[in-house]
Amino acid sequence: MNDIKVAVLGGEGVGKSALIVRFLTRRFIGEYASSSECIYRKRMSVDGRQLNLELYDPCSQPCDGKSTLNEQIHWADGFVVVYDISDRSSFITATAIVHLIRELNLGAAKRESESVVFLVGNKQDLCHMREVGKEEGQRLATDGRCQFYELSAAECYQEVALMFTKLVRNASVSGKAKERRRRPSGSKSMAKLINNVFGKRRKSV
Ligand SMILES: Nc1nc2c(ncn2[C@@H]2O[C@H](COP(=O)(O)OP(=O)(O)OP(=O)(O)O)[C@@H](O)[C@H]2O)c(=O)[nH]1
């Protein structure tokens, strides 16, 4: 059975955990524990193939160092880089992450084996507070050779599920040959995940 490893990256509070939890449980809870990084596992069937998906959530550990990102690039087959459309600074962070991924890809491997990257503008339901235009997201995606989505973890399960499923499909056929290095962080079962989403931090939506 194939293992597909996906890292979900982005600035603080952009909705990384919300997107993952939405995909895994179909639920949007609104409050997420964010004490430590973790890897969630899910078995899924894509185009008739059974896959083991591992989703890495850095949980408030901002990805601002090249060495950390380098580790994640070695580990991951694909990336979801998330920003919040109502928070311009999160778009600047996402831009830096996309550029770093591509820079490190070029340093580490040939172009044809570069990572699959999806750029996601989350919190589309907050479009009345929009600070990042859709065309800016599209431009960054084109520059960074990413697929682009604007969606809302809060409001739409279907779009979130389609995005992750497409990423897994693309990553599974990307032919990216690389040494897999497992992160030392723990994994969580679905039961633990559901328990852990009722968490420490409270943020208003
Ligand atoms: N309105 C709205 N709020 C959202 C959406 N997605 C997430 N949020 C809220 O944004 C806040 C942060 O969500 P998280 O999923 O914890 O974000 P995160 O990126 O994992 O946060 P860190 O781990 O701290 O970096 C929470 O209050 C969520 O309820 C969305 O699509 N729309």
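Numbering starts at 1 and runs along the sequence shown. One-based numbering, in listed order, for ligands and for the atoms of each.
Close approach to Ala18 involves these atoms of ligand 1, each under 4.0 Å from a residue heavy atom: 6 (N), 7 (C), 15 (O). Close contacts between ligand 1 and Leu126 involve ligand atoms 1 (N) [criterion: under 4.0 Å to a heavy atom]. Under a 4.0 Å criterion applied to the non-hydrogen atoms of Ala153, ligand 1 contributes the atoms 6 (N), 31 (O). Of all the atoms in ligand 1, the ones that sit under 4.0 Å from a non-hydrogen atom of Gly30 are 26 (C), 27 (O), 28 (C), 29 (O). Set against the non-hydrogen atoms of Gly13, the atoms of ligand 1 under 4.0 Å away are 10 (O), 12 (C), 17 (O), 18 (P), 19 (O), 21 (O), 22 (P), 24 (O), 25 (O). Listed by number with element, the atoms of ligand 1 under 4.0 angstrom from any heavy atom of Asp125 are 1 (N), 2 (C), 30 (C), 31 (O), 32 (N).
For Asn2 and Ser172, the side-chain atoms include no donor-acceptor pair closer than 3.5 Å.
Of all heavy-atom pairs between Val8 and Pro58, the closest is O-CD, 2.9 Å.
Residue-level proximity to ligand 1 for Asp57 is absent, since no heavy atom of it falls below 4.0 angstrom. Of all the heavy atoms of Asn122, the ones lying under 4.0 Å from any atom of ligand 1 belong exclusively to the side chain. Both the backbone and the side chain of Val14 come within contact range of ligand 1, each with a heavy atom under 4.0 Å.
Considering backbone and side-chain atoms alike, Ala154 places an N or O below 3.5 Å from some N or O of ligand 1.
Ring orientation note: the planes of Tyr83 and Phe148 are close to parallel, at an angle under 30° on the 30°/60° scale.
Among Lys123, Glu12, Lys16, the residue whose heavy atom lies closest to atom 30 (C) of ligand 1 is Lys123. Of the listed options Gly121, Ser17, Gly15, Gly15 places a heavy atom closest to atom 17 (O) of ligand 1.
Look at Asp77 and Lys5 and you find no salt bridge, because none of the NZ, NE, NH1 or NH2 atoms lies under 4.0 Å from a carboxylate O. Taking 4.0 Å as the cut-off between side-chain N and carboxylate O, Glu136 and Arg130 do not count as a salt-bridged pair.
Between the side chain of Ser90 and the backbone N or O of Asp87, at least one donor-acceptor pair lies under 3.5 Å.
Annotation: cation-pi pair Lys42/Phe23 present, NZ/CZ under 6.0 Å from the ring centroid and within 45° of its normal.
Checked against side chain to side chain contact (heavy atoms under 4.5 Å, CB included), Gln147 has the following partners two or more places apart in sequence or in another chain: Phe118, Tyr149, Lys166, Asn170.
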